[in-house]
Amino acid sequence: MNRKVVINCALPYANGPLHIGHIAGAYLSGDIFNRYQRMIGNEVMFICGSDEYGTPISIQAEKEKVSPKEIVEKYHREHRKTMESIDIFFDYFGRTTDPEHSEFVEDFFRDLEKSGYLEKRKMISAYCPNEGRFLPDRYVNGTCPRCGYENARGDQCDECGRTNDPQDLINPRCAICGSPAEFRETDHVFFLASKLEGRIREWLEGKKEWRENVRSFSLNMIQGGLKDRAITRDIDWGVPAPMEGMEGKRIYVWFEALLGYLSFARKYSREKGESDYWLNMYSGGHTFYFLGKDNIFFHAILLPAMHMASGKYPLPERVDANEYLRFNGQKFSKSRGIGYSVDDILKIVDKDSLRFYLSSILPESSDSDFTLNEMKEKVNSELNGKYGNLVNRVISFAEGKGIHPEYGEGDDLDSTLEAGLTKFLSSYLEAMERLEFRRAISLWLEAVKSVNSYFNDAKPWDMVKNHDPKVSARIWHSLKAIEYLTVTIYPFVPSGAERVWDSLHGVNMPDLPLKHLEEVCTFSIRNTGPVFKKIEIEEEEGNELNLVVGKIIMAENHPNADSLLHLKVDLGFNVIDLVAGIKKYYDLKDLEGKKIIVVKNLKHSKIRGIESQGMLLAAQDSRGAHLLTSDEKEGTEVLIGEHRYSGEGKISIDDLKRYDLKADNEGLYPTAVIGRDRLYMTANGKRVYIDEKVEGKSQIR
RNA sequence: AGCGGGGUGGGGUAGCUAGGAAAUCCCGACGGGCUCAUAACCCGUAGAUCGAUGGUUCAAAUCCAUUCCCCGCUACCA
């Protein structure tokens with residue numbers, strides 16, 4: 001087995017820090033595969049780099065009053081450092097602002113032109129005479145022709161949702177400076193992808209081993225035809241389009257960035273002093289791309305189309321896209337402060353723990369959820385408790401009792417163990433080949449359990465007591481088993497695995513550790529204390545929901561909304577205004593005097609003109625909404641389980657979701673989750689209830 | 001609204017593409033074992049109408065239809 005393998009990870013955009021969603025989306029999978037491929041003896045070229053052109057960067061630069069170059073410089077350096085901080089080392093980490101990249105792109109562009117895949121076409125585009133530039137659709141504002149909303153955007157009207165064409169807007173204006181926009185004719189170069197539609201479809205259809213999410217999604221996408229795409233833009237920050245009459249135009253960032261994989265590989269080869277190395281590597285035909293699902297179109301359709309058109313480079317063997325990683329059930333969002341950047345999370349956990357946890361929740365087939373609590377649980381119980389402790393217990397036992405591990409024929413226990421490990425290894429390798437990394441980890445975990453179990457059953461401590469000389473063979477077999485586990489976890493937790501190897505052998509892990517497994521080796525163990533440490537994360541447990549019983553003293557229809565009610569609610573000491581969307585389900589006269597449960601410390605929010613100073617809770621099922629209620633006096637505090645309200649300040653709707661409010665299985669009582677427990681709510685010791693039986697587990701809002 | 005993903009024991013999940021005897025794993029609860037180890041590890045028990053309804057089938061968590069709910073995306077930005 002000695003194949004040439006090229007592994008490419010989607011180029012991160014150089015306009016902000018990388019968060020753990022990016023890592024789980026593309027880079028960790030790429031690195032796991034990279035390490036795996038090297039481990040089994042293949043030659044690997046592992047490439048990535050910064051995507052540094054494009055409008056968002058130039059706009060950001062304008063805002064921050066710096067040059068695009070400065071922004072790009074900063075994040076290029078930062079990204080590379082971040083990758084290395086979690087043991088992701090590319091052979092080459094390039095950048096698209098590199099002149100050698102531009103040169104490559106321009107050559108590629110000319111090649112396509114020669115072979116008839118490019119065509120100049122006229123387009124009408126919005127233009128701001130004041131700014132002196134063409135405007136992307138969303139930078140055109142005007143009056144919506146359908147609803148009359150005056151601030152509709154050129155792409156879509158926020159008010160009525162209609163998708164617009166900038167030319168449809170009445171009184172179109174430049175969104176940047178506000179001056180009236182004009183429409184001018186402009187030339188753009190189109191990539192004639194439609195010519196390749198049949199070939200792309202056929203090619204995709206043949207990729208049966210690809211993940212469902214990539215193959216079906218792509219096929220689905222070109223169902224309506226593969227359209228020719230404009231690959232030039234009227235912007236300043238990009239690679240110039242090398243075509244007559246196209247002066248000042250830049251090549252569309254995506255078109256250009258996708259060529260980074262090749263141009264970076266070429267640059268890498270040149271720096272290596274072996275200028276054809278990259279072509280040589282690509283000629284193996286094993287090219288793998290790792291990316292997030294938002295990049296599927298570009299890698300599974302556009303890139304292969306470009307390669308087909310040029311005819312020079314092999315098509316991907318595999319395009320592997322992960323879904324999204326969420327944080328506590330929500331999308332990672334820097335602006336809303338949801339989730340962690342890599343640099344921030346590394347202040348809380350070490351890289352091995354992070355890689356281990358992320359590996360075990362890689363969003364391979366559907367979105368997955370990152371939570372600190374789960375990370376702590378998994379890392380402490382699996383990586384530490386099961387694996388780390390196994391290493392530690394065997395080594396410290398052997399050393400403590402002065403046993404020198406020596407190979408010897410084993411008994412039934414040993415041969416069962418060995419057979420189990422052999423089987424494990426082959427299914428592990430199969431999973432890795434198929435890029436099923438989560439499965440590989442879960443197989444590994446099973447194997448770890450079986451070795452712990454073996455060690456328990458083997459009871460070497462009894463053998464020591466009985467002066468059984470076979471104990472040294474027993475320890476040898478145990479160490480061999482640990483070796484298996486260590487080698488197989490290496491692609492996921494490289495630093496940790498190397499530390500374990502060191503304590504088994506006192507030397508660095510060899511380049512081809514898999515081969516070593518078959519050898520009757522000698523061990524030279526060193527007890528350096530636990531290789532992994534448990535992580536400490538303070539749990540965010542507690543009740544930060546300030547719930548009270550309230551009594552509706554006034555209910556009226558909301559003057560400006562169809563489905564909302566305006567309520568005044570007595571909370572015992574004060575009366576607040578609430579806006580609630582239950583108009584469809586309750587009559588006004590039934591509501592007055594009714595006791596309800598109110599979230600008192602929710603951020604106030606103006607809803608269609610009336611400020612809602614809290615939120616009432618109701619269970620919602622297919623038939624409608626049903627209020628939570630209690631017979632206790634208004635103002636009575638509502639507890640979740642034993643938890644009293646212990647928070648401070650206002651909470652947001654997003655915070656509320658953490659409690660996962662739901663009706664119980666019978667649909668009679670509301671429940672909320674605090675920590676790991678689903679708990680009932682009580683007021684004065686009596687359960688809060690739902691005013692009418694609902695479907696079990698109905699959501700409460 | 002459109003597109004995409006999902007609803008599986010108390011919490012988190014696997015399984016669904018190729019339907020099949022007891023539904024996986026982690027945490028938690030309960031009981032036991034062990035004492036080498038990081039209060040760790042190992043074994044066992046309880047706990048799931050696999051969102052709902054209907055259909056196909058000898059057989060459905062898995063396929064089809066309908067429906068309810070949740071989440072994400074919906075910038076010719078990249």
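Computed from a predicted structure; not experimentally measured. Residue numbers start from 1 in every chain, and the chains themselves are labelled A, B, ... in the order their sequence lines are given, proteins ahead of strands.
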J.: Would you mind pulling out the nucleotide paired to B:rU17, Watson-Crick or G-U wobble, both distances under 3.5 Å?
T.: none
J.: Just checking A:D51: base, sugar-phosphate only, or nothing, at a heavy-atom cut-off of under 4.0 Å?
T.: sugar-phosphate
J.: Looking at B:rG11, B:rU38, B:rC71, which one has an atom nearest to any side-chain atom of A:P530?
T.: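 Per side-chain heavy atoms of A:P530, the pick is B:rU38.
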J.: Going by the rule side-chain hydrogen bond (donor to acceptor under 3.5 Å, both in side chains), which residues pair with A:K122 if we only count those two or more places apart in sequence or in a different chain?
T.: A:D187
J.: B:rA78 C1' sits how many Å from A:N15 CG, rounded?
T.: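 Roughly 9 Å, once rounded to whole Å.
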J.: Please identify each residue that fulfils side-chain hydrogen bond (donor to acceptor under 3.5 Å, both in side chains) with A:T486, with sequence neighbours left out.
T.: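 For A:T486 the side-chain hydrogen bond (donor to acceptor under 3.5 Å, both in side chains) partners, ignoring immediate neighbours, are A:Y387.
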J.: Return the set of residues passing side-chain hydrogen bond (donor to acceptor under 3.5 Å, both in side chains) with A:H101 (not counting sequence neighbours), or none when no residue passes.
T.: A:E256, A:S263
J.: Strictly below 4.0 Å: does A:R211 bring a side-chain N or O up to OP1 or OP2 of B:rU17?
T.: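 No, outside the criterion.
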J.: Applying a 3.5 Å limit to both distances, which nucleotide forms a Watson-Crick or G-U wobble pair with B:rG2?
T.: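 Paired with B:rC73.
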J.: Restricting to pairs with a member in residues 378-388 of chain A, which pass salt bridge (charged side-chain N to carboxylate O under 4.0 Å, His left out), not counting sequence neighbours?
T.: A:K378-A:E382
J.: Centroid distance below 5.5 Å plus an interplanar angle below 30 degrees: do A:W461 and B:rC36 meet both conditions?
T.: yes
J.: In terms of the nearest nucleotide of RNA chain B, which residue is placed more toward the 5' end: A:N295 or A:N392?
T.: A:N392
J.: Using a 6.0 Å distance limit plus a 45 degree cone around the ring axis, check whether A:R95 lies over the aromatic ring of A:Y75.
T.: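 That pair does not qualify as a cation-pi contact.
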J.: Quantified in whole Å, what is the C1' atom distance between nucleotide B:rG7 and nucleotide B:rC16?
T.: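 Their C1' atoms lie roughly 14 Å apart.
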J.: Rounding to an integer number of angstrom, what distance separates B:rA23 and B:rC69 when you compare their C1' atoms?
T.: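 That atom pair is separated by 24 Å.
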J.: Do A:R121 and A:D228 sit within salt-bridge range, that is, some charged N less than 4.0 Å from a carboxylate O?
T.: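 Salt bridge present between A:R121 and A:D228.
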J.: Look at all strands and tell whether A:R438 reaches a base, only sugar-phosphate, or nothing, counting heavy atoms closer than 4.0 Å.
T.: sugar-phosphate
J.: Looking at B:rA59, which nucleotide sits across from it as a Watson-Crick or G-U wobble partner, both distances under 3.5 angstrom, or is there none?
T.: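 Pair assignment: B:rA59 / none.
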J.: So what does A:K378 touch, heavy atoms closer than 4.0 Å: a base, only the sugar-phosphate, or nothing?
T.: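 Nothing, no heavy atom under 4.0 Å.
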J.: State the pairing partner of B:rG44; accept Watson-Crick or G-U wobble contacts with both distances under 3.5 Å, and report none otherwise.
T.: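 Across all strands, the one nucleotide that pairs with B:rG44 is B:rC30.
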J.: Listing time: all N or O pairs from protein to nucleotides 41-45 of chain B that are below 3.5 Å?
T.:
{"unit_1": "B:rC41", "atom_1": "O2'", "unit_2": "A:R393", "atom_2": "NH1", "d": "3.0"}
{"unit_1": "B:rC42", "atom_1": "O4'", "unit_2": "A:N456", "atom_2": "ND2", "d": "2.8"}

J.: Under the rule for side-chain contact (heavy atoms from CB on, under 4.5 Å), what residues qualify as partners of A:R233, not counting sequence neighbours?
T.: A:A230, A:I235, A:Y252
J.: Searching all strands shown, indicate the nucleotide that pairs with B:rA52 (Watson-Crick or G-U wobble; both distances under 3.5 Å).
T.: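 Here B:rA52 is engaged in a pair, and the nucleotide opposite it is B:rU66.
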J.: How long is the line joining CD of A:E436 and P of B:rA14, in whole Å?
T.: 13 Å
J.: Both A:K293 and A:F455 contact RNA chain B. Which one's nearest nucleotide lies toward the 5' end?
T.: A:K293
